S.K.: 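Right, I'll just put the structure down here and ask away after.
Quick note on labels: first sequence line is chain A, next is B, and so on, each numbered from 1. Predicted model, so just to flag it, every value in this text is computed and none were measured.
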2 protein chains.
Amino acid sequence: MSSKTTTSTEPSDFPADADDELIRSGRDAALTRRALVRAARRRFATDGYRATTVRQIAADAGVNVALINRYFVSKEGLFEACMLRTSDELDTRASRPSKSIDEVIERLIEHVVNAPDRDDPLQLLLLLRSSGDENADLIRRRTLEHFTRQLATAAGWRSDDPDTEAILLRAQLAIATSLGVVMLRTSAVVEPVASASAHELTGPLTQALRALLAPIGH
Amino acid sequence: MSSKTTTSTEPSDFPADADDELIRSGRDAALTRRALVRAARRRFATDGYRATTVRQIAADAGVNVALINRYFVSKEGLFEACMLRTSDELDTRASRPSKSIDEVIERLIEHVVNAPDRDDPLQLLLLLRSSGDENADLIRRRTLEHFTRQLATAAGWRSDDPDTEAILLRAQLAIATSLGVVMLRTSAVVEPVASASAHELTGPLTQALRALLAPIGH
DNA sequence: CCTCGATGTAAACACTTGCTGACTTGACGA
DNA sequence: TCGTCAAGTCAGCAAGTGTTTACATCGAGG
C-alpha cells in the first residue's frame, strides 16, 4: 500500500506541512534540512524509529533520499537532530515562569491535548522512542530527566529540599501520566480517550496531576 | 552487538525462562510453541514489533527460526498469538472480584510495579505495540477497551449509569497512567522512576489513581 | 526391520533496508 | 559566456529481513 515508489519523490500519504511545501522551490539547504527534520519527527514519534524508513521520510519531506545522508550523515544522525530540536523547544517552553501549580498543570495538559494536526504531542512521544543508537538514546534520557527537574522546579521544588528524591519521582510520574495519555491517543488509538475533547480530558487529568504535584510545594 | 549468529540457535543474551529451558529436550510441539510465545512477548513488549526480528525470537526460545512459520504461519501470526494470550491472562486476572476501590488500585499497581524479571508489566506494554497488522491491532484495541470497562466496573460503575462516557474516560486515564509508568521503567529507562522501589511508587501512584477512579463510585 | 507422520534443521530465496559514489542541474560572479 | 561549486538526482551495493523449500531425525505401529 502506497509504497509503489522505489526512489521517487512524491509526497505520499503523509505530506510535509503545507507552508513548507509551498515555499520549497528547489535549492535551499536550510529549508531542506528543516523539512526533513519535520517529517522525520512525525514518523519517528508515531511509528517508532525502526519502523520508519528513510525513504518514507524523504517522500514526506518531498526531498531526495540521499540528502538525508548528505545533511545528517545517517538515519541515526537525523534522529539525533530531531531529539535535539525537541529538547530545545521543550526547554524554551518550560523556562517561562509560572505562578501557581495549577498553571503548571494547565500548561502540561496543553502539551498532551493539543489538536492532533499540531505536532506538540508528538514531541513528547519522541521522548519515548528508543533508536538503539547509544548517543541519541543518551540525549533522550537526559532530556527526559531535565524535563523532570524543570517540572519539579515549576511546581515549587528547591534543590536544597531534604526529600529531593521523592519530589523528583512525583514530577516524573506526572510526566509518565502525560506520556501515557498521549500514547493512547496518538499511537495506540483507543476509545474513548483517543477522541475525547480537550474539555473532557482537562478535568480528570487536572485532578490526577494535582494529586502528584501538589505535595511538592509544601 | 551479540548478533554474530546468522542461523544459529544459541540462547543469546536474552534467554528463555530457566524452567522452560530445562524441560525442553527436543521434540515437543506444544512446548516449542509456548517457548516461542514467551520469548516473542518479551521482545515485542520491550523493543516493539518492527524492531524485533524472528531470528532473535527463535534464538531466545532456543528454537529454529523456521518453526515460527510452521507453528504461527508468519511473524504477524506469532504477534497475534501473543496478543491473544495476554488478552486472556488479563481477563482472568481482572475478573476476580474486589471489594473496595483501594483494593482495585492496589492490584493495578501490582501489575505496574512487579519485579522486572517477572513479565507482568510487559503484558501491559504489549497492549501499546502496534504491529501494522489490522487483525492484531483490532485485538489490541478491543483488549484495551475491554480492560477499561473491567476497571470501571471494579471501581463501582454500573452500565446504566447516566454519565457512562465520563466514567469510562476516567478508567482509561488510569490505565494510561499505569502504561506511562511501565513505559518509563521498562522501555525508555529513565531515572528516578526506572529504579524506584515498589514502596516508593505505591504512595504517589495510589493518590493519582484515586483522584481518577474515586469519583466513579458515586 | 521398515514405513510413515510428526518434529526439527539448514540453506537459500525474494525483498527491503540504509547508504554510497558518480552524475546532473542550477545560480552567480568574472 | 564560461567556470565553479553547492544542491539535488540516480542506480546500485551489501547487509539484513521474513519466508520457503528440501532434507534430516526421531518415535511409534505394521
S.K.: Counting heavy atoms from C-beta on, name the nucleotide in C/dT9, D/dG12, C/dA12 closest to the side chain of B/L67.
M.R.: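 For B/L67, the side-chain atoms sit closest to C/dT9.
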
S.K.: Please list, chain by chain and in numerical order, all residues satisfying side-chain hydrogen bond (donor to acceptor under 3.5 Å, both in side chains) with B/Q123, sequence neighbours excluded.
M.R.: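 Only B/E89 meet the side-chain hydrogen bond (donor to acceptor under 3.5 Å, both in side chains) criterion with B/Q123.
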
S.K.: Just report the end-to-end axis angle for the helix from C/dC1-D/dG30 to C/dA30-D/dT1, five pairs per end, to 10 degrees.
M.R.: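 Helix axis angle between the two ends: 20°.
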
S.K.: Please list, for nucleotides 25-28 of chain C, all pairs of protein and nucleotide N/O atoms separated by less than 3.5 Å.
M.R.:
unit_1, atom_1, unit_2, atom_2, d
C/dT25, O2, A/R27, NH2, 2.2
C/dG26, O4', A/R27, NE, 3.3

S.K.: Taking only residues two or more places apart in sequence, or in another chain, which ones meet B/S74 in a side-chain contact (heavy atoms from CB on, under 4.5 Å)?
M.R.: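 Per chain and number, B/S74 pairs via side-chain contact (heavy atoms from CB on, under 4.5 Å) with B/E76.
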
S.K.: Please list, by residue number, the residues of residues 71-85 of chain A whose heavy atoms come closer than 4.0 Å to an atom of DNA chain D; answer none if no residue qualifies.
M.R.: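 Of all residues in residues 71-85 of chain A, the ones placing a heavy atom under 4.0 Å from DNA chain D are A/Y71.
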
S.K.: With B/S159, which residues qualify under side-chain hydrogen bond (donor to acceptor under 3.5 Å, both in side chains), at least two apart?
M.R.: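 Here no residue qualifies.
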
S.K.: Answer yes or no: does a side-chain N or O of A/T32 lie under 4.0 Å from OP1 or OP2 of D/dG8?
M.R.: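 Checking D/dG8 against A/T32, a side-chain N or O does come within under 4.0 Å of OP1 or OP2.
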
S.K.: Using salt bridge (Lys or Arg N to Asp or Glu O under 4.0 Å) as the criterion, list what pairs up with A/R170, not counting sequence neighbours.
M.R.: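 Expected list: none.
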
S.K.: Indicate whether the side chain of B/S187 and that of B/R129 have a donor and an acceptor atom separated by less than 3.5 Å.
M.R.: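 B/R129 and B/S187 do have a side-chain donor-acceptor pair below 3.5 Å.
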
S.K.: Test of understanding: with salt bridge (Lys or Arg N to Asp or Glu O under 4.0 Å), list the residues that count as partners of B/E165, not counting sequence neighbours.
M.R.: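 So B/E165 forms no salt bridge (Lys or Arg N to Asp or Glu O under 4.0 Å) with any residue.
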
S.K.: Which nucleotide in the set D/dT17, C/dT7, C/dT9 lies at the smallest distance from any side-chain heavy atom of A/R50?
M.R.: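 Looking only at heavy atoms from C-beta outward on A/R50, the closest nucleotide is D/dT17.
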
S.K.: Taking only residues two or more places apart in sequence, or in another chain, which ones meet B/R70 in a side-chain contact (heavy atoms from CB on, under 4.5 Å)?
M.R.: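 B/R70: side-chain contact (heavy atoms from CB on, under 4.5 Å) contacts with B/L67.
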
S.K.: For B/E191, what residues pass the side-chain hydrogen bond (donor to acceptor under 3.5 Å, both in side chains) criterion, not counting sequence neighbours?
M.R.: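 With sequence neighbours excluded, B/E191 shows a side-chain hydrogen bond (donor to acceptor under 3.5 Å, both in side chains) to B/S195, given in chain and number order.
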
S.K.: What pairs with A/D91 under side-chain contact (heavy atoms from CB on, under 4.5 Å), at least two apart in sequence or on another chain?
M.R.: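 Partners of A/D91 under the side-chain contact (heavy atoms from CB on, under 4.5 Å) test: A/H146, A/Q150.
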
S.K.: What pairs with B/V190 under side-chain contact (heavy atoms from CB on, under 4.5 Å), at least two apart in sequence or on another chain?
M.R.: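 By the side-chain contact (heavy atoms from CB on, under 4.5 Å) rule, B/V190 matches A/R141, A/L144, A/E145, A/Q172, B/L184.
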
